[in-house]
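Take a look at the structure below.
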Amino acid sequence: MGLVYSTDSGRMCPACRQSVASCACKAASVPLGDGNVRVARETKGRGGKCVTVVKGLALDAAALAALGKQLRTACGSGGTVKDGVIEVQGDHCDLIMDVLTKQGHRPKRAGG
């Protein structure tokens with residue numbers, strides 16, 4: 001039987017029963033990609049606005065957020081990182097593919 005309630009260590013991870021700061025199960029869940037980074041331009045569900053989407057990066061959450069910031073800065077626009085996907089506002093597929101190629105990734109153009 002595990003610990004029911006304690007205020008000593010703060011919030012607890014429900015999977016490994018450790019404190020959230022020292023949780024090991026979140027760090028172990030790095031998404032595995034197939035080695036191909038897909039760069040696509042999407043407009044569906046966004047009110048007609050164009051968004052460049054980068055999928056398939058096998059990075060942890062912190063590295064993905066840092067790469068997202070770097071891509072947004074290179075494009076000079078806003079964006080977000082959600083569920084392992086980097087979204088950059090505007091049509092910047094070519095510029096993002098150049099930046100990813102210089103960093104050693106293998107980007108592919110996806111979509112139309």
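Atom OG1 of T52 and atom CG of L71 lie 10.0 Å apart (nearest 0.5 Å). Residue K55 holds its NZ atom at 15.0 Å from NZ of K108, rounded to the nearest 0.5 Å. Taking CD of Q70 as the start and CZ of R72 as the end, the distance is 11.0 Å to the nearest 0.5 Å.
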Could you walk me through whether V81 and L67 satisfy the side-chain contact (heavy atoms from CB on, under 4.5 Å) test, starting with their C-alpha distance in whole Å, then the side-chain angles of each, then the deciding distance to 0.1 Å, before giving a yes or no?
CA-CA 9 Å; V81 177; L67 180 61; over 6 Å; no
Quiz prompt | Derivation and outcome, side-chain contact (heavy atoms from CB on, under 4.5 Å), residues Q89 and K49 | solution = CA-CA 8 Å; Q89 296 173 354; K49 307 275 177 146; over 6 Å; no
message: Apply side-chain contact (heavy atoms from CB on, under 4.5 Å) to residues M97 and V37 and explain how you reach the verdict.
response: CA-CA 9 Å; M97 288 181 66; V37 179; over 6 Å; no
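Scanning both residues, T101 and P107, for their nearest heavy atoms gives OG1-CG, 3.4 Å. When all heavy atoms of A74 and V99 are compared, the closest pair comes out as CB-CG2, 4.2 Å. When all heavy atoms of R38 and A110 are compared, the pair lying nearest together is CB-CB, 4.1 Å. Nearest heavy atoms, C75 versus I96: SG-CG1, 3.8 Å. When all heavy atoms are compared, the tightest approach of S77 to V88 is OG-CG1, 3.4 Å.
In the hydrophobic clustering of ILVMFWY residues, with side-chain heavy atoms under 4.5 Å counting as a link, L59 and V54 come out together.
At a threshold of 4.5 Å between non-hydrogen side-chain atoms, the residues D94 and R109 count as touching.
T43 places no side-chain N or O within donor-acceptor distance of the main-chain N or O of C50, the cut-off being under 3.5 Å.
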